[in-house]
A.B. asks: 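The structure follows.
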Amino acid sequence: MKGFIFDLKSQGEKIKIVFKNKTQEKTIIKKFPPYFYLKKYDKAIETVPEIKEIKKEKKENQVLYKVIVDNPGSVIKLRKDLKEFEPIEANIPHVYRFLIDNNLYAMRMYEHNEEGVFEKVVDEKIKLKMASFDLEVYNKEGIPNAEKDAILMISYCDEKESRVFHWEKGKGSEKEMILDFLSKIKKEKIDVLTGYNSSGFDLPYLKKRCSVLGIELDLSKDGSPVNIKKGAFSTKADIFGLLHFDSYDGVAFLNKIGAMNIPKKDLESVYKEMFGKEKLDVEPWKIWRMWEEGGEELKTLIQYNKEDAIAAYEIAKELLPLYIEISKIIGLPIYEITRMSTSQMVEWILIREAIQKGMIIPNTPSEKEVKQRMMNGIKGGFVKQPEKGLHEKIAVCDFRSLYPTLIIAYNIDKTTYNKKCDDYNVSPKGHRFCKKPIGLIPKMLKELLEKRIEIKKQMKQFKEGTNDYKFFYYRQWALKIIANSSYGYMVYARAKWYSREAGESVTSWAREKIHETIKKAEEDGFKVLYTDTDSIFLKLGDKKTKEDVFNLVRKINKDLPEGMELEFEGYFPRGIFVSSKKGERAVKKKYALIREDGALEIKGFELVRRDWSNIAKETQRKVIKTILEQGSPEKAKEVVKKVINEIRERKINLKEFIIYTQIKRKVSSYEQQAPHVKAAKKLIKAGYKVKTGNILEYVIVQGSGSISDRAIPIQLIGNKKYDADYYINNQVLPAVMKIIREVGITEDELKYKGKQQGLNKWF
DNA sequence: TCCCAACGGGG
DNA sequence: GTGTACGTTGGGA
């Protein structure tokens, strides 16, 4: 049968594999006894009951003792019990070890022949059937409690249909609804189940409700339960043989690697950002009431539930192909990939590479070592203070994959650092790296980048937007993501092949290159506005043209080592830069640019937190847009003045002044009397219940006392008036001053109505 | 400047 | 899992 390894798990001495293709699926069991190594040996070890066999083996000219045991759990036990014999390679999960030792890659195509051997075959597109779901639950008391709060509705969406399972008081029941939903999932034979934050909420909640109601939540391929793992920062849910892919994880991942820039990652914002479409939004604290009220309210809730599943499905559809490609590169199942940082991805590639070379896999550092590494920071890229203010005619150039190309060009790696050799490079930091043999990370990078060039060539044979094009697009993207993570890996505190020397050499060479670039640009008569690590912003003025920039780029590229390249990134008619020096080193990246087609690129200004009022966020956005589109600080001034005036004259809806803050613990246990804490106390005094997790909505009102004293919950607002001065001075002005200070406008100019005359022109 | 608390997604 | 943990920001001291 031809297919791919979709999922696998460890069972004692065996590995259970789900092997499938478009139409068929089978479970394969392989014997693979767990093992690890000891550096030292003593006869007494032979009597340890968990040990089945001990074999001598040579690795890197060292004699090692391979200890084969009865099950994976014994490895954990023995690596502690036998600590004095120096265990190594004793923390590689059993299924990973199975794949790596057998040179098998999950998600790649194999022919599983009659002898039970996996033979490589030509790679093919993998198609998986996916469905999404979303729950709405009863939440009268704030954060819903799965022990008692029922699921009210479950939406389902796949390629062909979307629908909502629901019940009402006196019509159907929660139990029937869940059973209907589960039988739908079974019937459709889906491979991938998705949702939005379904790891953190929907799946754990569904599991709990099933156990409360006495329903078996049977979604896996082998009867094993949905496995919920609660972590300190996130909860993960997995199902054997059915891939659970949380589209929120995907979005968070893309944000982290900089492939997306969505500061607020709730479903509505993400959906709008990705597809440009609005979806219905319902404020969560209204859900229980809408359900109880029935009628039109209930209909709205059902529609919301339905749209959530559709949105989650569409997002997952965009991201899953990327994960499939990453999975093929790393060779581990998608499920594992979705939970990994890019550093961990790099590490698994290196482990494969090292094992093939017969190297010993270094142990992961101790927590003490990790802390030490973290405290000992590495100097990063060079940032030239921006010339603050508004500028016109800006050209931006950047080095293509600067860090990866440096790592290859100078063979920067832990394994090439300070070794004996005749031919080497010395970094500006003074560290020596041998030119040969090629290091682990440089080798990985070379292969990834070469592969990417080849894939991009193939991609260009197809029309953009076609399925063939997309297939290659995702593949080259996956290669790029991993290549770009190589520097991060070197300086990742938990890395097995961590190297401070390698890391600081990469950044020192990078600083050298950007300094050389600045020098050449200035020699050519360009004004350098700003540089950051690998990019340079040039002001063209009246004398320079785009053509001059192209010439400069060509000139610089002639002198760069092989593989390195400066590229023209874009032309921007206008931009605002803010210099915010933090200490001597770090400069926060804050700028806003407008492209020729009117698209805005904003970095570092975003006010996305819910503890800023709408009026502040909205005004800031308007100001940036006005300055960039019209190029006039005066126009921006008008915008702010108008808003301030409207606040003073109370022309703006109270809603715009609400500040949202979540109560994260018991109200009585707060030490600091922050505004939201005081507001919560007022609510309690008035007879309301305030539970952990509730989001408080409050407004700062006129009166005496501290800001906290004047934080009034929206429920108790009555006819109290918002404090115009507070919103002007502590919300709107701080938000907009970040920007317009740089174009020469002072706070006073905005704040006061000014002297008697001449003002009316603003209003 | 340092340190701590809050925040994130979901209802 | 061959387990136990993030990264950033704002405000107050």
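Given the structure is predicted, the values throughout are model-derived calculations rather than measurements. Numbers restart at 1 for each chain; the letters A, B, ... are given by sequence-line order, proteins then strands.
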A.B. asks: Quick check: does any side chain N or O of A/Ser327 sit under 3.5 Å from a backbone N or O of A/Leu332, one acting as donor and the other as acceptor?
C.D. replies: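 Confirmed, A/Ser327 side chain pairs with A/Leu332 backbone.
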A.B. asks: Starting the side chain at C-beta, find the nucleotide from B/dA6, C/dG1, B/dG9 nearest to A/Tyr196.
C.D. replies: B/dG9
A.B. asks: What residues in residues 265-273 of chain A put a non-hydrogen atom under 4.0 Å from any atom of DNA chain B?
C.D. replies: A/Lys265, A/Asp266, A/Leu267
A.B. asks: Using the ring pair (Phe, Tyr, Trp, His ring centres under 6.0 Å) definition, which of the options A/Phe165, A/Tyr156, A/Phe181 pairs with A/Phe133?
C.D. replies: A/Phe181
A.B. asks: Taking the six-membered ring for Trp, are A/Tyr323 and A/Phe253 ring centroids under 6.0 Å apart?
C.D. replies: yes
A.B. asks: Just call it for A/Lys229: base, sugar-phosphate, or nothing, with non-hydrogen atoms closer than 4.0 Å on any strand.
C.D. replies: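 The answer is base, as A/Lys229 lies within the cut-off (heavy atoms under 4.0 Å) of a base atom.
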A.B. asks: Under 4.0 Å, heavy atoms only, any strand: does A/Tyr35 hit a base, just the sugar-phosphate, or nothing?
C.D. replies: base
A.B. asks: Please give the distance between the P atoms of C/dA5 and C/dG1 as a whole number of Å.
C.D. replies: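 Going atom to atom, P in each nucleotide, I get 14 Å.
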A.B. asks: Would you mind reading off the distance between A/Asp249 atom CG and B/dG10 atom C1', rounded to a whole angstrom?
C.D. replies: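 From A/Asp249 CG to B/dG10 C1': 12 Å.
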A.B. asks: Which atoms of nucleotides 4-7 of chain C (N or O only) lie under 3.5 Å from a protein N or O atom, and what are those distances?
C.D. replies:
from: C/dC6; atom 1: OP1; to: A/Arg494; atom 2: NH2; distance (Å): 3.3

A.B. asks: Rounded to whole angstrom, note down the P distance from B/dG9 over to C/dG10.
C.D. replies: 15 Å
A.B. asks: If you look at every strand shown and take non-hydrogen atoms under 4.0 Å, does A/Tyr248 touch a base, only sugar-phosphate, or nothing?
C.D. replies: sugar-phosphate
A.B. asks: Quick check: does any side chain N or O of A/Thr619 sit under 3.5 Å from a backbone N or O of A/Ile615, one acting as donor and the other as acceptor?
C.D. replies: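 Flag set: sc A/Thr619 to bb A/Ile615 pair under 3.5 Å.
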A.B. asks: Has A/Tyr335 got a side-chain N or O lying under 4.0 Å from the OP1 or OP2 atom of C/dG1?
C.D. replies: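 False: A/Tyr335 side-chain N/O out of range (4.0 Å or more) of C/dG1 OP1/OP2.
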A.B. asks: Look at the side chain of A/Asn91 and decide which nucleotide, out of C/dG3, B/dG11, B/dG8, has an atom nearest to it.
C.D. replies: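 Nearest nucleotide to the side chain: C/dG3.
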